[in-house]
Amino acid sequence: MDSRRNTFISLILLLAVTLAMFGDLLFTGGTRVLGHPGSDMFLQYFAWREFGFRELAKGNLALWNPNIFGGAPYFGGMQGALLYPPNCLFLVLPTPVAVNWTVALHVFGIGTFMFFWMKQRGLSAAASFFAGTLLMFCGSFFPHIFAGHLPQLSAMTWSPLIFCSIDAAFRTQRVRWSLLGMFAVAMQMLAGFPQYVFYTAIIAGLYAALRLIGQWNLRLAAALLSIYPCGALLAAVQLLPAIQTTRETTRGFRLPLQFASMLALPPENFVTLLAPDFFGQMAKYWGRWYLWETSLFIGVAGLAFAIYAAFSCERAVKWRPLVVICVCFLLALGAYTPLFGFLYDWAPGFDRFRSISKFGFLASLFICLLAATGLDRLFRQRRIEIRFVAAVFAGAAALGIAGWWAASTASWGALMNASRASGQSYLFPQLYADAEFVAQSQHRAAMSLFVAAGVCALLGIGLAFARRQPRVLLGVIALGATEMFIFAHSTRATFDSTSIVNPDEKRFLDEHPGDYRIMSVANPNSAMLIGAQDMWGYEATVVRRYAEFMTWSQGGDPDQAMSYVKFVRYDPLFAMLRLRYVFGQHGGELEIGDAPEPPMSHLHLISDYRVLRDRNAIFDAVRSVTFNPAREVILKSEPEPKPSPAGSTGTARIVAASTDAIEIEADVEQPSILLITDAFTPSWRAVSLAGSAQATYQLLPADYILRAVPLMAGHHHLRVEYARDALAIGKWISILASVAFLAALGWCGKNRRV
């Protein structure tokens, strides 16, 4: 009963600190949203959630997004996370409120899951609570709120529960705990950020293998091996469309080595374990890469107890977490070690993601574990070694000396310039030459070290008192929790979600209706909020051939195409993408320009065609001065039926349209090619409807990036639709897997020994 009471109190306290952090936004936030106004929440995820759940509320599970990139996969891109259960909030709450509640619930969730993981390891409620607060507000998790990383936060939240299932299985010797792991893996997959799924799987596999050393159990090994495959089966309804999308988009590319190696953990950022602001705060971080990707802060108290555990706890308790921490940090260093090049060349998956520094989050999990283990040891033995107290005071002195050096050194400007010279800093270059900014940065670094020294001194004092009265350790927990809370609160940022859409842009588009595309340089994803169609966007699931075309149009190598294209010139071929207006920003003023070439219409009937099978040959042909995209189409194979050379006459119109389909009626007197000026992928198909002259239709790539449907003479009624085969197959796999999962859960409930 006492254990249950302590568990209940701990969970209430975790909820209390969560409400203290977010309560103002949860209950009176209005249109304010968590995230920096220049973050991915502003540029991507707010619009992503609004679009997907607005369609879902209408009963439409949107597989395709017609609003950006000339059309691009949506559901298969995963980051919409339409089937992730906690996201049902977006169906019942306004998007700003749902965003804030989602963030708060996941912050509370990761603390709770960490708490139960520690309890499964046999730690006290107080030590488990300490681990939960450390993880909730640590530098590798909480600053992603500043960055607006909604799916990343959701995916990270489930990692402690996966490790909890592994430890629980070994502690109880019962395979039933593998079901918890399967559930957590499925939830992590549905959360919408596969990189954390991949990295967590690597470390979970390593940790399980380490636990099997000396504790070999074939039955448990088989159960643990089933966690990820069975989790994938539960999430198949999301995974199969994701595989389909990966084949057709830039996510299927092998990233260039230079791009994949970006956002590794700079070795100097280990100082952020203790001094989170040493390289500046989030918005004015002058170190390498982004601080939310490279911060390791877990607090002075947390690190002190973790180090104490590493030196004082029994070998059986500490060696596995220490091995995992070392491996995680080695991987997180990425291109700063020779290992990354080997992994990029030979290990599947490492060539598909950048920001390998995300392994730092998994290292933080196990540092928090060690911190709780060290604290729990002090509670249990009710004795604090004098050498530990002395070491803490020595650490305070060392931090104070480091702070004095940072405040007085004359080479601070050179240190900052070294960061700028690396080419890995995203801060405005002119700030490095600003003497006032350099002085402020030096002062902040020194203060960060002085604060760490002060906290370390307070920790030493608390430990000294706890030598006589062990209950003072509860005050030490409060010190550590307060330290983490203050750090996290200093990184919390908000913005008004109504500012995502420029009201002048919306007003202009309302006054100029039509079926055309725009290019909004500042924020292309805002098109999803206002129902416009943008020629470009901000997301990684751009259709591969479309990205190749856009890269080539700006003078780049299409073989190196990614979702990042810097537009430096207008290309006349943008007319065949229906580009009509270009929106720019000059200071606070909106600038609107007409595209130099009049946009083509959505549908064209064309009789002239050429067949070219090579991409580069197609690009050369469409660049020719003799090419007219409204009169000629370039195909990669012969159309059937072939259009009449006499010229096409007839009409074609769109009868109905949704995110995933357009219904077309056409009347043609001669065989023709129907050109549809939307992005092509092999997942699109043309289906004959009642009253159509043709029983079947081909859908071909036209001009490499558009769609073409050969038509015979007569009346046509067809639907061009995005195929739902992968979704249908995945749905049934998930349904059957869920039935089997529930049956296994029920059977385990009746057989307590399993």
Side-chain angles (χ1 to χ4, degrees), residues 113-114 116-123 127-128 131 158-186 188 197-234 306 309-331 339 343 346-349 359 362-363 365-370 372-374 376-377 380 737 740-741 743-745 747-754:
F113 294 155
M114 189 70 184
F116 282 114
W117 180 20
M118 297 302 96
K119 290 290 288 179
Q120 280 299 326
R121 290 181 62 87
L123 303 188
S128 301
W158 298 95
S159 295
L161 203 58
I162 295 171
F163 293 104
C164 177
S165 71
I166 295 171
D167 274 334
F170 279 100
R171 185 183 67 84
T172 63
Q173 293 293 298
R174 293 176 180 175
V175 299
R176 62 195 301 172
W177 285 103
S178 65
L179 295 175
L180 178 66
M182 296 171 195
F183 172 75
V185 166
Q188 192 175 53
V197 178
F198 177 55
Y199 288 174
T200 303
I202 292 171
I203 301 306
L206 170 65
Y207 185 62
L210 293 175
R211 291 233 46 174
L212 284 167
I213 296 175
Q215 295 178 274
W216 175 256
N217 182 313
L218 182 60
R219 194 157 147 268
L220 274 184
L224 294 174
L225 283 172
S226 71
I227 287 177
Y228 271 87
C230 292
L233 291 175
L234 289 170
F311 282 98
S312 301
C313 287
E314 297 80 3
R315 180 182 178 277
V317 172
K318 67 187 181 184
W319 76 269
R320 294 181 183 88
L322 287 172
V323 170
V324 170
I325 290 168
C326 291
V327 171
C328 287
F329 278 141
L330 181 63
L331 292 171
L339 178 63
L343 294 173
W346 299 103
F359 275 105
L362 294 156
L365 280 178
F366 285 86
I367 295 174
C368 293
L369 180 154
L370 282 181
T373 303
D376 186 72
R377 185 177 190 271
R380 292 184 187 280
F741 178 85
L745 195 62
W747 184 74
C748 288
K750 292 181 179 179
N751 298 269
R752 297 287 182 179
R753 295 181 179 181
V754 177

Taking every non-hydrogen atom, the tightest pair across [X] and [Y]:
| X | Y | answer |
| --- | --- | --- |
| Ala168 | Trp177 | CB-CD2, 3.3 Å |
| Gly122 | Arg380 | O-NH2, 2.6 Å |
| Leu123 | Thr373 | CD1-N, 3.9 Å |
| Cys164 | Gln120 | SG-CG, 3.6 Å |
| Cys748 | Leu179 | SG-CD1, 3.9 Å |
| Ala131 | Met118 | CB-CG, 3.7 Å |

[atom1] of [X] to [atom2] of [Y]: how many Å apart, nearest 0.5 Å?
| X | Y | atom1 | atom2 | answer |
| --- | --- | --- | --- | --- |
| Leu206 | Cys328 | CG | SG | 7.5 Å |
| Ile162 | Ile166 | CD1 | CD1 | 7.5 Å |
| Arg171 | Arg211 | CZ | CZ | 10.5 Å |
| Trp747 | Arg176 | CH2 | CZ | 10.0 Å |
| Arg320 | Leu369 | CZ | CG | 12.0 Å |
| Ser128 | Asp376 | OG | CG | 7.0 Å |

Going by heavy atoms in the side chains, are [X] and [Y] under 4.5 Å from each other?
| X | Y | value |
| --- | --- | --- |
| Tyr228 | Thr200 | yes |
| Ile367 | Phe329 | yes |
| Met182 | Leu233 | no |
| Leu224 | Phe170 | yes |
| Leu322 | Leu370 | yes |
| Val175 | Arg219 | yes |
| Leu331 | Leu362 | no |

**OP:** Just say parallel, tilted or perpendicular for the rings of Tyr207 and Trp117, cut-offs at 30° and 60°.
**Re:**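 Answer is perpendicular, since the angle exceeds 60°.
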Original post:
Okay, side chain of Arg377, backbone of Ala309: is any donor-acceptor separation there less than 3.5 Å?
Top reply: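 Flag not set: sc Arg377 to bb Ala309 has no pair under 3.5 Å.
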Subject >> More than 12 heavy atoms from other groups under 6.0 Å of CH2 on Trp346 >> reply: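 No, CH2 of Trp346 has 12 or fewer neighbouring heavy atoms, counting only those of other groups under 6.0 Å.
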Subject >> Close aromatic pair by centroid cut-off 6.0 Å: Phe183 and Trp158 >> reply: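 When the ring centroids of Phe183 and Trp158 are compared, they turn out to be within the sub-6.0 Å range.
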